[in-house]
Amino acid sequence: MTDFGLRQWLEQAVEAYGADLPLRGLSRAQVDAWARAAAPPASGPSAALSAGAPSATPGAARPAPSTPPPRAPTARPAPPASAARRPAERRPAAPAAAAKAAQDAARSLAELRDQLTDCRRCKLCEKRTQVVFGEGDANAAVMFIGEAPGRQEDRQGRPFVGPAGQLLDRIIEGGMGLGREDVYIANVNKCRPPENRDPQPDEVAACLPFLRQQVALLQPRVIVALGRVAAHNLLGTTQSMSRLRGRDLEYEGIPVVATWHPAYLLRTPAAKADTWQDVKRVNRMLGKPEDPRSDQG
Ligand code: URA
Ligand code: URA
């Protein structure tokens, strides 16, 4: 594990056991499962360094840190809450600073991806072909978050490249006037669950810290949660998608739009009208015309 990765892991462990911060919304059992799954192997440099880290043993006494836990490093400072509501397609940073921030984020994302190459933190590693980390523009204003790779994604190592992904491409292009290279696309779980079953709580708990890091590095202006698994795990709620859609939600100060999963839209084409409304909301949040086709000037 790189120093960078180890520091992140330790900080997350401290946060998890100090303030429940990175695992907000998870049950105690899920947090314990995460700690068990995410614990580095008990040998090598990480074991030495984690000796002083909070115990990951379920039921172990939980140390109360006297100082607030350090925040995970982010390439860019998180925007103030008011900035998240101000419509602006581009971040109001000087171009050189923005380019530097994007480079830093891209480098940190690459390091995070390296940490997962041979990941065995949960049992999904047994049947997967490869880890599907996520891809896109490190400076993207919009981040799409799905559930977990399917068959095609597992084969190709890229998110949303199967039938649901082709529909997502059309939503991004037709609804937002963007290409998939302009946004960032990731999943809650980075490995394909057998037969595309829902990821189980211990599997989500093992993988969620990495999604949280992706979001922290990317600092998108809007997150689109695709379907129930993404919305529930990001928001720490169990409310139905029909209740979550259309509401002002947020994750770590970043606005979240919950919409139907594209695989659900393939089975239920009538719901595409809802998705169109949700995409228009995203466009409004970005200060863009609701319908990019009307932006011909
Ligand atoms: N479904 C998802 O949730 N994610 C993918 O990457 C592909 C299909
Ligand atoms: N079930 C899901 O998991 N997602 C949806 O969007 C709809 C139903």
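Order of appearance sets the numbers: ligands from 1, and atoms from 1 within every ligand. Only heavy atoms go into these numbers, but all of them, side chains included; no hydrogens, no water, no symmetry mates.
Under the side-chain contact (heavy atoms from CB on, under 4.5 Å) rule, Val161 has a single partner from Gln166, Arg155, Arg180, which is Arg180. Paired with Trp260 under the rule side chain to side chain donor-acceptor pair (under 3.5 Å), one option of Thr275, Asp274, Asp278 passes, and it is Asp274.
His261 contributes no side-chain N or O that, together with a main-chain N or O of Arg228, makes up a donor-acceptor pair within less than 3.5 Å.
Taking every heavy atom of His261 and a limit of under 4.0 angstrom, the matching atoms of ligand 1 come to 1 (N), 2 (C), 3 (O). Residue Gly146 approaches ligand 1 through these ligand atoms, each under 4.0 Å from one of its heavy atoms: 3 (O). Close contacts between ligand 2 and Gly227 involve ligand atoms 4 (N), 5 (C), 6 (O) [criterion: under 4.0 Å to a heavy atom]. Shown in contact with Glu147 at under 4.0 Å from a heavy atom are these atoms of ligand 1, numbered in order with element: 2 (C), 3 (O).
Residue Tyr264 touches ligand 2 through its side chain alone, judged by heavy-atom distances below 4.0 Å. Only the side chain of Glu153 comes within 4.0 Å of ligand 1, counting heavy atoms alone; its backbone N, CA, C and O stay farther away.
Atom CZ of Arg151 sits in a sparse spot, with 12 or fewer heavy atoms from other residues, nucleotides or ligands closer than 6.0 Å. The local environment of CZ in Arg243 is sparse, with at most 12 non-hydrogen atoms from other residues, nucleotides or ligands closer than 6.0 Å.
Any N or O atom pair closer than 3.5 Å counts here, and Pro159 shares no such pair with ligand 1. No N or O atom of Ala164 sits closer than 3.5 Å to an N or O atom of ligand 1.
Linking Ile, Leu, Val, Met, Phe, Trp and Tyr residues whenever their side-chain heavy atoms come within less than 4.5 Å leaves Leu124 and Phe210 in two separate clusters.
Ala148 O, 3.1 Å is the protein heavy atom nearest to atom 2 (C) of ligand 1. When only non-hydrogen protein atoms are considered, atom 4 (N) of ligand 2 lies nearest to Arg228 N, 3.3 Å.
Between Ala231 and Met241, the shortest heavy-atom distance links the atoms CB-SD, 4.0 Å.
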